[in-house]
Amino acid sequence: MHTYLDNSATTPMLTAVLEAMSPYWQTKFANPSSPHHLGVVVESTLNQCRQILAQLLDVKAEEIYFTAGGTEANNLALQGLARAYGRAGHMITSPTEHDSVLQVAHFLEQDLGWDITYLSVDRLGRVNLEELRNAITPRTKIISIMMVNNEIGTIQPIAEIGSIIKEVNQVRQDKIVFHVDAIQSLGRLPFTIHALNIDMLSISGHKIFGPKGSALLFVRRGIQISPVIFGGGQERTLRSGTENIPAIVGLTKACQIVLQSQHKNIIELTQKRDSLLEGLAEIPGITFNSHRTGAPHIVNLQFAGLRGEVLVHFLEQRGVFVSMGAACTARKQSISHVLQAVGLTPEEASSSLRISLSSITTMEEIAYAIKVMQTTVTELRAIYH
């Protein structure tokens, strides 16, 4: 039996998504910028996708920009805003953000002279709201906090952060822009962009059963950002490059599916997560790095005395696929910055695993994974001790 439990890294594409994309590879293949009929037909599809997504997210169509991935969406938001700002400012973020935010913060600091404040987080990975409020200065231009952490599932207090920013902005001429990485949130956590006072938000397709290479960035009307990719003028000059219509169609279909069944999926994910936690809790020496108050699809844990990397490969041999954390940094052989930020020692972090579920994960697969992990941990402890 094969049990895939690495859904925070990527998800399999749904058949309905693949079918929606199919005509745009060979039949409706034209460039949407072409003036002839074939191009006009594809351009119409592009506009329809933008409209559908706008309705799903309760925003305006002109506030949606398509990118080739969540990493690009985060870069476009933060680099684009900084470049449009035209001078060095101040950015507030957290040490548990995805690398596509943290490395942009480093770039802004090292190359553009920005000041960066990294808020401390508690043992569960949550930022301190009072610390955030106190960190705001007259030079603060960007606050970027992810909604759900991709490694430990922490849900940040986005509503409260948005309210603080809105309050502060009422007496500021130079408004603070609130960016949220929601790549692990869509379909797993209900939210409304405008109700949370979010100015920019990133979503990725392959985390929600859509195609890789598909994502969008919401930019509230009135927020000025500059392009980081030049050359063609697509996406209303903000993101050059011929639009990947099959990917955009797939992203749109995936968003429709996950949002239409979101309530049901969240209930079922929570039940699956709780069943997993109960089964794994019986294994001696286990410690959970994540908490039940987090997102329902992510469980992070550690087994004292066992290296996570070794356990990942032993589990793989028995058909259970998990990870040690973010896939994009897995090959760097570095200790998770997220786990270190929440207070784990390098040894504890290197003993940790991330298990991430999806709406198509079955209870039978969870039961199998629990049994295999119980057996594997017992065998490995006998070998290494």
(request) Please round to the nearest 0.5 Å and tell me the distance separating atom OG1 of Thr270 and atom NE2 of His297. (result)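 Answer for the OG1-NE2 pair, Thr270 versus His297, is 11.0 Å.
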(message) To the nearest 0.5 Å, what is the distance between CZ on Arg126 and OG1 on Thr96?
(response)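 Separation between the atoms: 12.0 Å.
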Does one side chain, of [X] or [Y], offer a donor that lies under 3.5 Å from an acceptor on the other?
{"X": "Ser94", "Y": "Glu97", "answer": "yes"}
{"X": "Ser202", "Y": "Asp181", "answer": "no"}
{"X": "Gln48", "Y": "Ser44", "answer": "yes"}
{"X": "His194", "Y": "Arg220", "answer": "yes"}
{"X": "Ser33", "Y": "Glu43", "answer": "no"}
{"X": "Gln302", "Y": "Asn289", "answer": "yes"}
{"X": "Ser120", "Y": "Glu131", "answer": "yes"}
{"X": "Glu365", "Y": "His2", "answer": "no"}

(message) Could you walk me through whether His106 and Asp111 satisfy the side-chain hydrogen bond (donor to acceptor under 3.5 Å, both in side chains) test, starting with their C-alpha distance in whole Å, then the side-chain angles of each, then the deciding distance to 0.1 Å, before giving a yes or no?
(response) CA-CA 8 Å; His106 181 73; Asp111 289 51; over 6 Å; no
(request) Begin with the C-alpha distance, continue with both residues' side-chain angles, and end with the deciding distance and a verdict on side-chain hydrogen bond (donor to acceptor under 3.5 Å, both in side chains) for Thr117 and His90. (result) CA-CA 8 Å; Thr117 296; His90 173 231; 2.7 Å; yes
(request) Give the intermediate values and the outcome of side-chain hydrogen bond (donor to acceptor under 3.5 Å, both in side chains) for residues Glu309 and Ser350. (result) CA-CA 8 Å; Glu309 183 179 5; Ser350 65; over 6 Å; no
(request) Show the numbers, then the answer: is there a salt bridge (Lys or Arg N to Asp or Glu O under 4.0 Å) between Glu347 and Arg307? (result) CA-CA 8 Å; Glu347 181 179 0; Arg307 289 187 60 83; over 6 Å; no
Does [X] reach the side chain of [Y], with side-chain heavy atoms less than 4.5 Å apart?
{"X": "Ile245", "Y": "Leu46", "value": "yes"}
{"X": "Phe29", "Y": "Pro23", "value": "no"}
{"X": "Asn128", "Y": "Leu119", "value": "no"}
{"X": "Thr93", "Y": "Tyr118", "value": "yes"}
{"X": "Trp114", "Y": "Ile142", "value": "yes"}

(message) Looking at Tyr65, I'd like to know if the NZ or CZ of Arg236 sits under 6.0 Å from its six-membered ring centre while staying within 45 degrees of the ring's axis.
(response)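 Yes, Arg236 sits over the ring of Tyr65.
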(request) Using the six-membered ring of Tyr85, assess whether NZ or CZ of Arg87 lies under 6.0 Å from its centre and within 45 degrees of the ring axis. (result)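 Flagged: Arg87 positioned over aromatic ring of Tyr85.
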(message) For a salt bridge (Lys or Arg N to Asp or Glu O under 4.0 Å) check, start with the C-alpha distance between Arg221 and Glu62, then their side-chain angles and the critical distance, and finish with the verdict.
(response) CA-CA 8 Å; Arg221 187 166 61 180; Glu62 62 267 27; 3.4 Å; yes
Is the number of heavy atoms from other residues, nucleotides or ligands within 6.0 Å of [atom1] ([X]) greater than 12?
{"X": "Lys28", "atom1": "NZ", "result": "no"}
{"X": "Gln317", "atom1": "CD", "result": "yes"}
{"X": "His36", "atom1": "NE2", "result": "yes"}

(request) Assess whether salt bridge (Lys or Arg N to Asp or Glu O under 4.0 Å) is satisfied between Glu268 and Arg273, documenting all intermediate values. (result) CA-CA 9 Å; Glu268 293 180 352; Arg273 189 269 313 271; over 6 Å; no
(message) Under a 4.0 Å threshold between the charged nitrogen and the carboxylate oxygen, would Arg239 count as salt-bridged to Glu72?
(response)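 Between Arg239 and Glu72 there is a salt bridge, with a charged N closer than 4.0 Å to a carboxylate O.
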(message) I'd like to know whether Asn7 forms a side-chain hydrogen bond (donor to acceptor under 3.5 Å, both in side chains) with Ser356, so could you lay out the CA-CA distance, the side-chain angles of the two residues, the decisive distance to 0.1 Å, and finally the verdict.
(response) CA-CA 5 Å; Asn7 291 278; Ser356 45; 5.1 Å; no
(request) Would you check, one step at a time, whether the test salt bridge (Lys or Arg N to Asp or Glu O under 4.0 Å) holds for Arg133 with Glu160? (result) CA-CA 11 Å; Arg133 184 185 290 273; Glu160 291 84 351; over 6 Å; no
